[in-house]
Amino acid sequence: MATEWVISRLGEADRAAWANVVESVGWRFVPAEIDLLFATGEAWGAYLDGQLAGVASVYRHGQSLAWLGNVAVVPDVQRRGLGGKLIDHALRQLDLGAGPVPVGLVARKELAPLYARFGFRAVGEVVRLRADRVLAPHLPQEPMAADASDDAWLEDAYRLDGAAFGADRSQLLPRVVRAADKVIAVRDEANKVQGIGLALSSATGMRLGPIVAQNDIMALHLMHLLAEDVDGSIAMDVPAERSSFLHRLRKLGFEGQASSVMMLRGAPALPGQRQHLYALLRPAFG
């Protein structure tokens with residue numbers, strides 16, 4: 001008898017069950033991360049006999065790009081086609097919205113053939129780096145509080161992120177800024193924001209990203225200011241094409257933990273001025 005899966009949209013009442021599924025595949029998130037990952041996109045779940053057995057989320061970044069993330073299936077029912085069914089359903093829901101839109105994702109390399117079946121192709125690589133402590137010289141920039149009374153710089157920061165990422169994330173980033181442990185902005189003499197960086201707590205320490213900068217030196221300064229005084233390890237997801245930045249980070253004590261493939265469906269290349277994107281917000285968001 002064929003297995004019958006029921007796929008439906010998840011709501012706030014399903015948050016704990018969603019967390020159980022992603023934790024079953026080894027992903028560990030602190031509550032603030034779960035808030036962002038679950039509440040800022042469309043989460044879909046596949047049920048078997050009334051139990052949530054798999055999840056997938058889509059994140060819409062304006063009208064020009066969407067992202068597929070948090071695709072997870074509990075170990076007991078893996079290799080039974082559920083992951084593919086969830087991916088297909090999530091993509092169909094995206095197409096039912098404003099019509100076909102390019103979709104990106106970051107996946108483990110061994111899963112690339114699965115996504116290729118749905119029209120995704122490799123367009124880059126992402127390197128996960130981790131360090132216990134970072135020591136580096138830095139410019140005398142001060143952290144800017146996310147709740148500052150003058151929020152004009154935030155609008156500049158959102159535009160800077162949008163230009164580098166290639167899509168409007170102004171609906172997502174305010175939530176990220178509110179949840180961040182530290183937010184850094186670098187301004188020029190005209191007080192215009194030229195670089196931004198955020199740090200958010202994770203289950204193992206602190207995750208840095210996004211980092212948007214004009215060059216390697218600015219990115220390193222942002223990284224140091226975000227990482228200093230962190231109690232625990234520091235992790236970053238860095239595009240592999242930032243090769244000189246990666247080289248500098250390794251000399252400062254960062255070690256490569258994993259390498260993932262960035263894939264895209266519906267467009268020949270990722271949009272935006274990607275040379276300025278030095279660290280991803282999260283693989284699930286791009």
- Message: Give me the atom names and distance for the closest heavy-atom approach of Asp132 to Ser233.
- Response: OD1-CB, 4.0 Å

- Task: Work out which heavy atom in Gly195 is nearest to a heavy atom in Met218; give both atom names and the distance.
- Result: CA-SD, 3.8 Å

- Step by step, work out the side-chain hydrogen bond (donor to acceptor under 3.5 Å, both in side chains) result for Asp181 and Ser201. CA-CA 7 Å; Asp181 293 78; Ser201 295; 2.9 Å; yes

- Query: Tell me, do Ile87 and Leu114 make a side-chain contact under 4.5 Å, heavy atoms counted?
  - Reply: yes

- Message: Which residue is it: Leu172, Val176, Val193, Leu173? I am looking for the one with a side-chain contact (heavy atoms from CB on, under 4.5 Å) to Asp161.
- Response: Leu173

- Task: Verify the distance criterion only: is there a donor paired with an acceptor across the side chains of Thr204 and Arg130 at less than 3.5 Å?
- Result: yes

- Task: Using side chain to side chain contact (heavy atoms under 4.5 Å, CB included) as the criterion, list what pairs up with Ala56, not counting sequence neighbours.
- Result: Val71, Leu86

- Heavy-atom closest pair (Tyr278 atom, Ala213 atom, distance to 0.1 Å) is CE1-O, 3.6 Å

- Query: Is there a donor-acceptor pair closer than 3.5 Å between any side-chain N or O of Gln214 and the backbone N or O of Gln194?
  - Reply: yes

- From Leu226, Leu36, Val30, Val183, residue fulfilling side-chain contact (heavy atoms from CB on, under 4.5 Å) relative to Leu200: Leu36

- Message: Within the structure provided, determine whether Ile211 and Met236 are in side-chain contact (heavy-atom separation under 4.5 Å).
- Response: yes

- Query: Can a cation-pi geometry be assigned to Arg117 and Tyr115, taking NZ or CZ under 6.0 Å from the six-membered ring centre and within 45° of the ring axis?
  - Reply: no

- Item | Full working for side chain to side chain contact (heavy atoms under 4.5 Å, CB included) between Arg15 and Ile34 | CA-CA 8 Å; Arg15 183 179 296 228; Ile34 294 175; 3.9 Å; yes

- Message: Can you confirm whether Gln171 is buried at CD, in the sense that more than 12 heavy atoms of other residues, nucleotides or ligands lie under 6.0 Å from that atom?
- Response: no

Output a table of donor-acceptor pairs, distance under 3.5 Å, between side-chain atoms of residues 279-286 and any protein atom two or more places apart or on a different chain; print 'none' if there are none.
unit_1 : atom_1 : unit_2 : atom_2 : d
Arg282 : NH2    : Glu33  : OE2    : 3.4

- Message: Taking Arg92's backbone N and O only, do any of them form a donor-acceptor pair with Asp95's side chain (distance below 3.5 Å, no angle check)?
- Response: no

- Message: According to ring pair (Phe, Tyr, Trp, His ring centres under 6.0 Å), does anything in residues 68-92 pair up with another residue at least two apart or in another chain? List the pairs.
- Response: Trp44-His89

- Message: Please report the interatomic distance CG(Leu48) to CG(Leu82), rounded to the nearest 0.5 Å.
- Response: 8.5 Å

- Query: Should Val126 and Pro239 count as side-chain neighbours, where that means a heavy-atom distance under 4.5 Å?
  - Reply: no

- Task: Working to the nearest 0.5 Å, report the span between CG of Asp88 and CD of Gln93.
- Result: 10.0 Å

- Task: Considering only NZ, NE, NH1 and NH2 on the basic side and carboxylate oxygens on the acidic side, decide whether Arg207 and Asp237 come within less than 4.0 Å.
- Result: yes

- Is a side-chain donor-acceptor pair under 3.5 Å present for Asn70 with Tyr59? yes

- Around Asp188, counting heavy atoms of other residues, nucleotides and ligands shown, do more than 12 lie under 6.0 Å from its CG? yes

- Step-by-step side chain to side chain contact (heavy atoms under 4.5 Å, CB included) determination, Trp67 to Val58: CA-CA 6 Å; Trp67 214 261; Val58 290; over 6 Å; no

- Query: So, do Arg60 and Leu94 sit near enough that their side-chain heavy atoms are less than 4.5 Å apart?
  - Reply: yes

- Task: Assess whether atom CZ of Arg79 is packed by more than 12 heavy atoms of other residues, nucleotides or ligands within 6.0 Å.
- Result: no

- Is the closest side-chain heavy-atom distance between Ser64 and Val101 below 4.5 Å? no

- Under 4.5 Å between side-chain heavy atoms, hopping through other hydrophobics if needed: is there a path connecting Val21 to Val25? yes

- Task: Tell me, with the steps shown, if Arg265 and Leu91 meet side chain to side chain contact (heavy atoms under 4.5 Å, CB included).
- Result: CA-CA 10 Å; Arg265 171 184 185 260; Leu91 293 174; 3.9 Å; yes

Output side-chain donor-acceptor pairs under 3.5 Å for residues 240-264, partner residues at least two apart or in another chain, one line each.
unit_1 : atom_1 : unit_2 : atom_2 : d
Arg242 : NH1    : Arg274 : O      : 2.9
Ser244 : OG     : Asp216 : OD2    : 2.3
Ser259 : OG     : Glu125 : OE2    : 2.3

- Ignoring hydrogens and geometry, is there a side-chain-to-backbone donor-acceptor pair from His61 to Arg169 under 3.5 Å? no

- Message: Is there a side-chain contact between Leu208 and Met223 in this structure, where contact means two heavy atoms from C-beta onward sitting under 4.5 Å apart?
- Response: yes

- Message: Does any part of the side chain of Asp168, heavy atoms only, come nearer than 4.5 Å to the side chain of Tyr158, both counted from C-beta?
- Response: no

- Item | Partners passing ring-ring contact (aromatic ring centres under 6.0 Å, His included) against Phe38 (at least two apart in sequence or in another chain) | Trp18

- Message: Would you say that Leu222 contacts Ile196 through its side chain, given a criterion of any heavy-atom pair below 4.5 Å between the two side chains?
- Response: no

- Task: With salt bridge (Lys or Arg N to Asp or Glu O under 4.0 Å) as the test, would you mind laying out the steps for Arg159 and Asp156 before giving the verdict?
- Result: CA-CA 5 Å; Arg159 284 193 291 271; Asp156 289 339; 2.3 Å; yes

- Message: Suppose we screen for side chain to side chain contact (heavy atoms under 4.5 Å, CB included). Which residues come up paired with Asp231, at least two apart in sequence or across chains?
- Response: none

- Note on the structure: What one should report as the nearest heavy-atom pair of Ala269 and Arg121 is N-NH2, 4.1 Å

- Of all the heavy-atom pairs spanning Gly266 and Pro102, show the shortest one and how long it is. O-CG, 3.9 Å

- Distance in Å, Phe29 CZ paired with Leu37 CG, rounded so as to fall on 0.5 Å steps: 5.0 Å

- Distance-only, no hydrogens or angles: does the Gln78 side chain make a donor-acceptor pair with backbone N or O of Val73 under 3.5 Å? yes

